[in-house]
Amino acid sequence: MFNRVEIADVLAGKYLNQEITVCGWVRAFRNNRFVALFDGSDFKTLQVVVDFENTDESVLKKISFHACIKASGKLVESQGAGQNYELLADSVEILGESNPEIYPMQPKQQSMEFLREKAHFRMRTQTFAAVFRIRHGVAFAIHKFFNDKGYFYHLSPSVAASDAEGAGEMFRVTTLDVNKPPRTESGEIDWSEDFFGRATNLTVSGQLEAEIGALSLGKVYTFGPTFRAENSNTTRHLAEFWMIEPEVAFFDIFDNMNLAEEFCKYLINYILQNFPDDIAFLDKRLQDEQNKLPQDQRRAMGLLDTLKFVVENDFERITYTEAVKILRDSKPFKKGKFEFEPSWGKDLQAEHERYLVEKHFQKPVIVRNYPKAIKAFYMRQNERDPDVPGETVAAMDVLFPGIGEVIGGSQREERLEKLRARIHEMHLPEEDLWWYLDLRRFGGAPHAGFGLGFERMVQFITGMGNIRDVIPFPRAPGSAEF
RNA sequence: GCCUUAGUAGCUCAGUCGGUUAGAGCGGCGGACUGUUAAUCCGUAGGUCGUAGGUUCGAGCCCUACCUGAGGCGCCA
């Protein structure tokens, strides 16, 4: 039994003038006397004062950067100015030494690229510890938000049979021998011989299965990993990422937008209230990083200000058609600054979204009613509007500064014949979607939902520039070391 | 997948026009100091300049290919 107490509780003042034991890792050892100790429970470190005159030289030598120690003694009010309490240690035990001559981590700023290669150690840094505490906080807040509103946590499978959504390239799941797979008479791989008796993949989205939940339990949400085998090399894509997909019966596109906005604000508020030290640190970190950039490349607002701004202001809501008009009337378009011409019928490019969010409105924007031709088959077709150049669907995207699309959603097509027609138009395999169509044949209901990229939200809240730095073990093209 | 860019000490970087023995800060190591807050001070050891070719009297620097990282675009969340 260690009977150790946690540093967060110690710093909260629970143990003043008591004999306690703490365990943790060394962040700094100053003057052969002062250990700054962290154990993960708090952003701040506990100052452990080592009685160096009565401590063995061999122990003192091993109190090195990120070594793990156990210290016992009396907790007192600190004589120094940097902290309220400190532990006067009368015994220090080395639990795990860390030879500084070969340990790659150093008590100094190290680059994100370097730390990414040391994924097994990077969580010991202040930045990553803060990011991953917040990641937990966001995950917890997601469940709390939906639970408190009467939603049910719904599990969509990670191994999926359907290729229907077409959300991206997929990872094949198979137990067949890749060197000599069974073949049909015509020479194709015989997937009926495979483990599941058919071809299977890692899921790209849990939405279609979530609709089953919504049309039974009313309000559900998924929260789990999804996989895309796209060769995407950007700061905001992962091959494995977590997605939250609420799906709600008797919801239209406007209910859906309201839910999305309330949800985003709730998550940010939760972190602001529960992780103020971590946010303050990340705010300063981002500021230091920004100061190294040339003036014109800096963010308009700091992290904390951005988060508060999002929470305190209504999201702007516009239609796709209005968005195109704004873009075509914009200065950058007229001056030929856009690489791609915004025109009705073409999808908005990253540069267009960035202009709308960061320049024109300077706040999160929800764009809805996109052209039918550029959106997925299951999105509900709108009535033809004479003021709009073409057919649209009840889709919506929530756009955030810096990271772009954080949410994509829609009201779903509940009308069987319209849905079947769309499936045929897009040459999708109707036979694979039999159960999805059944949901419209038997007890169908209007419903809507959206998908939120978990890591993108964590990226936004922490201000991290690369999405690979907000997931413990990022999966990306050519990268699965840990 | 496409475009751009980078690779020099453990880390972050400098290295002029192609010219002698490749530098700094931090970190490490040795010592001093001992109520420090990224402690401070003194000293010291670290490099096949990503890899393989090529041009040249001479290459860290120029050329070619490859590898790896980063950023942008596309795809999306």
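Residue numbers start from 1 in every chain, and the chains themselves are labelled A, B, ... in the order their sequence lines are given, proteins ahead of strands.
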Under 5.5 Å and under 30°: A:Phe34 stacked on B:rG35:
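It does not: the two rings, one from A:Phe34 and one from B:rG35, miss the stacking criterion.
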Could you tell me whether [X] contacts a base, only the sugar-phosphate backbone, or nothing, with contacts defined as non-hydrogen atoms closer than 4.0 Å?
{"X": "A:Ser232", "value": "base"}
{"X": "A:Gly451", "value": "sugar-phosphate"}
{"X": "A:Glu86", "value": "base"}

Can you check the [X] [atom1] to [N] [atom2] distance for me, whole Å?
{"X": "A:Asn31", "N": "B:rG31", "atom1": "CG", "atom2": "C1'", "result": "15 Å"}
{"X": "A:Lys375", "N": "B:rC75", "atom1": "NZ", "atom2": "C1'", "result": "12 Å"}
{"X": "A:Glu230", "N": "B:rC73", "atom1": "CD", "atom2": "C1'", "result": "14 Å"}
{"X": "A:Met243", "N": "B:rA77", "atom1": "CE", "atom2": "P", "result": "7 Å"}

On RNA chain B, check which nucleotide each of A:Arg30 and A:Met105 is closest to and give me the residue with the more 5' one.
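Whichever sits nearer the 5' end wins; that is A:Met105.
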Given B:rC11, B:rU34, B:rC73, which nucleotide is nearest the side-chain atoms of A:Thr234?
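My answer, after comparing the listed nucleotides, is B:rC73.
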Phosphate OP1/OP2 of B:rU40 contacted by A:Arg33 side-chain N/O (<4.0 Å)
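It does not, given that no N or O in the side chain of A:Arg33 lies less than 4.0 Å from OP1 or OP2 of B:rU40.
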Residues from residues 41-69 of chain A lying under 4.0 Å of RNA chain B - heavy atoms
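The stretch gives A:Gln47, A:Phe52, A:Lys61 as the residues lying under 4.0 Å from the strand, ordered by number.
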Nucleic acid contacts of residues 128-141 of chain A, taken as heavy-atom distances under 4.0 Å to RNA chain B
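Contacting residues: none.
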Determine the interplanar angle of the A:His143 and A:Phe223 rings, folded into 0 to 90°, and report it as parallel if under 30°, tilted if 30 to 60°, perpendicular if over 60°.
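Tilted, since the angle between the ring planes falls between 30° and 60°.
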Indicate syn or anti for B:rG46, taking the glycosidic torsion and treating anything within 90° of 0 as syn.
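Syn, which is what one calls it when the glycosidic angle falls within 90° of 0.
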